[in-house]
Protein chains: 2
Amino acid sequence: MSIGSQQTGLTALRSSNRAVVIQALRRAGEVSRAELSRSTGLSGTTISSLVSELSASGVITETARDDRGSGRTGRPGRLIRLAPTNELVAGIDLAGSEIQLAIADLSGRICAQASTPADIDGAGMEALSRAADLLDRTIVDFDLDRTQMRYVVIGIAGIVDTMDGRVVVSDRMHGWQDFNPAEWFLERTSFATRVENDADLAALGERARGAGRGVMDMVFVKISAGIGAGLVLSGQLYRGRHGAAGEIGHVQAREDGEICSCGNRGCLETIASVNSALQSLRAVHPGARTARDLADLVESGDRAAMRVVADAGLAVGRAIADLCNTLAPEIIVLGGEMTMSPTPLVDAVSSSILRYTRPHIGSRIKVAATTLGTQSCVLGAVELATDSVSSFAD
Amino acid sequence: MSIGSQQTGLTALRSSNRAVVIQALRRAGEVSRAELSRSTGLSGTTISSLVSELSASGVITETARDDRGSGRTGRPGRLIRLAPTNELVAGIDLAGSEIQLAIADLSGRICAQASTPADIDGAGMEALSRAADLLDRTIVDFDLDRTQMRYVVIGIAGIVDTMDGRVVVSDRMHGWQDFNPAEWFLERTSFATRVENDADLAALGERARGAGRGVMDMVFVKISAGIGAGLVLSGQLYRGRHGAAGEIGHVQAREDGEICSCGNRGCLETIASVNSALQSLRAVHPGARTARDLADLVESGDRAAMRVVADAGLAVGRAIADLCNTLAPEIIVLGGEMTMSPTPLVDAVSSSILRYTRPHIGSRIKVAATTLGTQSCVLGAVELATDSVSSFAD
DNA sequence: CTGTGTTTCTTCGGGACCCGAAGAAACGCA
DNA sequence: TGCGTTTCTTCGGGTCCCGAAGAAACACAG
């Protein structure tokens, strides 16, 4: 219930309340006006007024009489929900081993999902172009109206400056330094676009629909080819100066470790990423190539594979422990390809956190694996897109 | 310009705007209505109305005609400022080698300052009691009205649960586990009281009046007997779950270091605190007892002393580097007794940060020494007290 | 000294907003 | 069928912010 700092006055208050109602509806799904009044604290009168206004503009619909079983006395309410509007938003995950796409309407309903292989490591432009193709194609395939697309959010493996949308650094997309992918995507597709760090988006996704629902302070750690973190602090995504927060992969984990691509020595990524885990594993299983291979071996009870996962978890937990000491979050959510073997990973991270934090801190921090799997980033992108569009609120 | 989430409606909007005006006045000191209107975005009409209301209730006063030189055409404005109200707040620093006290009125003017030795390490109740005595005495000495005291904020070296005000843990105040000092202080003095972590308060102080003015993301690191951090993220104090954020002193800095009081090994505190620095120094200068001794030696160009400070700075910088990777703040402000030798400390911390972070991150982070010296905590406490009281705003 | 332009601040009226009270509607239950 | 209960709308009142217009105070030019 905060008023945008530029606006002021009565109409701003109205917008603010409108946003509150929409937020409440997104959380609840389907509620009566009376419940809405109770959950927002606004009077029934105001809710009625807002609802009829929003209903007239097509943002919400009145579905049916409330059938919440029987036994409840009193007149049943009429249920309200966000209308399956024509307006669309899209989320794209450009950071994984395949390009993922999800299209949703403003009510949060996913209308379409698609993906395409992304065996184009380092070729950023190629990936971006393929993503645009995929988006175009999917819109046609699912018979959606192209003119209704309002906003696209793209997640990439790299740091994106929050201010000007430029890529500050990306290990994966070579030559993207100072490049503005959002601008390029806008020109290519004509869609308003925003680019964010993939781990940041995944954090948003997990908080909205995954393991971090309702949590105020949470750290999401993605362990895939690289390692990155997304921070939700005081209920909001924390990006840091120039969006550079969460670069946990380059915390030094071993004084005398290998040289990392970043120029330092012993970065966490050189020890605990999926790539380095597979490299270790190949000493015993020369055929192990993918995260899937590793997970299969773990599932079959292979000791070496389990050890590799545990080692990665211990190293990550060691780094996270420092983070826990400093931030004291409520929960750590683990994601990325390494979570194909969730149990040993979570156990290892937990024990490491307990070992390296003060007891009163470590014992209060939950550790959990993603519940959205490889979709946390796309879904987070969709979430952010929906939010951005409906906070302009007409 | 955010509305408190419990209230709603027109009066909430009014309160919100009132708070905006008060905040603007606190920042600006003395401005005309017209300037106020421009800086807040509220219309001149509204400003006029708010000003006359606040003026009637005695919160602000109209001082004089605007004498901002000449050469300016047009009717001069009438200057407004926060009235040197009778209402008082107090800040107390219980974490240092002496107990410090500052009393201010709601306009932010410091009315009285005092301090008393605190050579009572570990005796928490004794310290708290002495602080109450000091407060009582100072009120009398400066001829202040005891009944006008509205709020007291106390900083202690320990973690305070934000919710219930209880001490979660304090290395310094033995037996304070689960104790609620604010309650005790209220009963002893009859003043509404709040207890916070000292580094958190110091961070607020530096941000309001010190090296971090106007900064949105800042990390304050206090290096004294212990080491602690205070985090200001997105412009607001970040406390973490149960207020446990900022426990940087117990990040493991050396795998095979000494056992720390917290039960782990090689904590930063065992390496870089003033106590451990002095211990190292005594190998060469057996007489060195206090931070002052160390600083004097550094000033006289003593190599061993400079080395000790540099070593501490390097270790702290090493730990901060991980924090920079994760949070990407704008500035690191160093405080505590170790900053009696600011230059070698800042240099060491800087070089360590540059060494252990990725270049695009480390090179953008400023490192600075406190500009408030040993007063950052008290002044931060006063700041928080003033804020808390005037946001209730009558 | 007198106009003119400029800036500041107040007054007045209009419009927007939220809320409480009262009433109509829909349901369960006796 | 009547009563209690809950939901939702309507109506009137009060509060709030804003734009326009006007009064006031000053610099400056003639």
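The chains referred to below are lettered A, B, ... by the order of the sequence lines, with proteins before strands, and numbering in each begins at 1.
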Nearest-angstrom distance from the residue atom [atom1] of [X] to [atom2] of [N]:
X: A:Glu62; N: C:dA26; atom1: CD; atom2: C1'; value: 14 Å
X: A:Arg18; N: C:dA16; atom1: CZ; atom2: C1'; value: 12 Å
X: A:Ile60; N: D:dC8; atom1: CD1; atom2: C1'; value: 14 Å
X: B:Ile47; N: D:dC18; atom1: CD1; atom2: P; value: 9 Å
X: A:Glu35; N: D:dT6; atom1: CD; atom2: C1'; value: 12 Å
X: A:Leu13; N: D:dT15; atom1: CG; atom2: C1'; value: 11 Å
X: A:Glu53; N: C:dA16; atom1: CD; atom2: C1'; value: 12 Å
X: B:Leu79; N: C:dT7; atom1: CG; atom2: C1'; value: 14 Å

Counting only side-chain heavy atoms from C-beta out, which of [options] sits nearest to [X]?
X: B:Arg75; options: C:dC19, D:dA23, D:dG19; value: D:dA23
X: B:Arg78; options: C:dC9, D:dA20, D:dC16; value: C:dC9
X: A:Arg33; options: D:dC11, D:dC8, C:dC17; value: D:dC8
X: B:Ser43; options: C:dA21, D:dC18, D:dC16; value: D:dC18

Inset, instruction - Please determine if B:Glu62 and B:Arg81 form a salt bridge, counting it only when a charged side-chain N lies under 4.0 Å from a carboxylate O. - result: no

Inset, instruction - Output yes when A:Arg14 and A:Glu53 qualify as a salt bridge under the 4.0 Å nitrogen-oxygen rule, no when they do not. - result: yes

Legend entry - Side-chain donor-acceptor pair present, B:Ser43, B:Thr46, cut-off under 3.5 Å: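 The criterion, which ignores hydrogens and geometry beyond distance, is satisfied for B:Thr46 and B:Ser43.
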
Inset, instruction - Consider only side-chain N and O atoms of A:Arg109 and A:Thr85, and report whether a donor and an acceptor are under 3.5 Å apart. - result: no

[X] vs [N]: side-chain N/O to OP1/OP2 distance below 4.0 Å:
X: A:Thr46; N: C:dC19; answer: yes
X: A:Arg14; N: D:dC17; answer: no
X: A:Asn17; N: C:dC17; answer: no

Legend entry - Heavy-atom check, side chain of B:Leu384 versus side chain of B:Val382, under 4.5 Å: no

